Enquirer: 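Mind having a look at this structure? Questions to follow.
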Amino acid sequence: MRQATVYIDSEALQYNLNRVKQLAPTAKIVSMVKANAYGHGIKDCLAALKDSDAFGVACLEEALEIRELGYQQPITLIEGIFSADEMQVVIDQNIEVIVHHQPQLDWLLANKEAYIAKGLKVWVKLNSGMNRLGFKIDVIKNVINQLKAEGFTCVLAMHFANADAEHPLNEQQIQQFLEVKNDCAPLMGSCCNSAAIYKYPELHFDFVRPGIMLYGATPFADKTVHDLDLKPVMTFTAEVIALNNIKPGEHVGYGSTFTADKDMTLAIVSIGYGDGYPRAFPKQNHVAINGQQTRVIGRVAMDMIAIDATGLNLELGTEVELWGKSRLIDDVAEANGTIGYELLCRMSARPVRKLV
Ligand SMILES: *Cc1c(COP(=O)(O)O)cnc(C)c1O
């Protein structure tokens, strides 16, 4: 049987959740499980993250999946609802919304009594300079004051555009957030994703929203998961299905992009972009075998790759780690010109998932 396997380490997930608790001991934890728990599989991840105070998702469908799996914690729709008809479902299922523009505010106000009667908070999004979603600073105070006057419990929400880096916009975003929070006091607040949880301990406030750190990948370009004391949750493996010896001048794979300059042994591994392994590598990529790294040779195909097995004594069936504890996903992402987030979310349904 073709082996392409995604192992999900639930102890690592719990360890990373505990890291959030250590770093933000006074805040409630909204574990971000959007996009199928960053590609890890929502069901297994919810079980490991059941001690979270709440969950955050990007749309109603994702929230309903959490309810169907039997979890009763608060859920926040971080982009709110997308049409008026979703409001009734939200109320029936005890799901909290963000409001980021006037139509959402109108839909909420039209259902005021039922929403408040359920004890649901409303998250009000500040656009402090990222310019994706939210009310600007000159209107958000009126929005919040109106909601409070109508009897809603509000949480001021904001998202950093550069929490992973030094950037002048960070200070503007912080100042605007603090201004709204003060001027509309008392008001709960939430502005920290994973990077900001590490970087701004003074800004944890009422709710932190960790995502990538829970899964044991780094939000920072210049810090590894080891630096952050996080454990990789996903290990992605496949097996050697053929061994070839090639001579100098011979080519490998589609496009014949690789030419051997010496006698080499290649191992063909049963993994490809059909499994979610990326195809384009502007920089040399590697895999790990028993903790030792070796090069990927030639182009990634839909179902197979070739790796340099020269001198490694590999056999048919040898397990190869595409990413995991030895070959960090962040390093694969770097060679691929992207970030760990994208590789995780792009996992295909083909690899077999196993909980460990
Ligand atoms: C996805 C998301 C997060 C989590 O971000 P990470 O960088 O993965 O920690 C937090 N808040 C909002 C609004 C998000 O969309």
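Order of listing sets the numbers, starting from 1, for every ligand and every atom in it. A quick note: this is a predicted structure, and the numbers were derived from the prediction, not measured. We count residues from 1, following the sequence as given.
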Enquirer: With no hydrogens and no angle check, do the side chains of D229 and Y15 hold a donor and an acceptor under 3.5 Å apart?
Expert: yes
Enquirer: Have D92 and Q88 got a donor and an acceptor in their side chains that come within less than 3.5 Å?
Expert: yes
Enquirer: Would you say N170 and E166 are linked by a side-chain donor-acceptor pair, where the criterion is simply a distance under 3.5 Å?
Expert: no
Enquirer: Do T338 and N336 have a side chain donor and acceptor closer than 3.5 Å?
Expert: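 Result is no, nothing qualifies.
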Enquirer: Quiz question: by atom type and distance under 3.5 Å, do the side chains of T265 and N245 form a donor-acceptor pair?
Expert: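 On atom types as modelled, these side chains qualify, holding a pair under 3.5 Å.
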Enquirer: For a distance cut-off of 3.5 Å, show me each N or O of ligand 1 paired with any protein N or O, plus the separation.
Expert:
unit_1   : atom_1 : unit_2 : atom_2 : d
ligand 1 : 7 (O)  : Y341   : OH     : 2.6
ligand 1 : 8 (O)  : Y38    : OH     : 2.6
ligand 1 : 8 (O)  : I212   : N      : 2.8
ligand 1 : 9 (O)  : S194   : N      : 2.8
ligand 1 : 9 (O)  : S194   : OG     : 2.5
ligand 1 : 9 (O)  : G211   : N      : 2.9
ligand 1 : 11 (N) : R209   : NE     : 2.9
ligand 1 : 11 (N) : R209   : NH2    : 3.4
ligand 1 : 15 (O) : K34    : NZ     : 2.6

Enquirer: Would you check if there is a donor-acceptor pair between the side chains of E179 and Q175 at a distance under 3.5 Å?
Expert: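 Note: Q175 and E179 side chains miss the donor-acceptor criterion.
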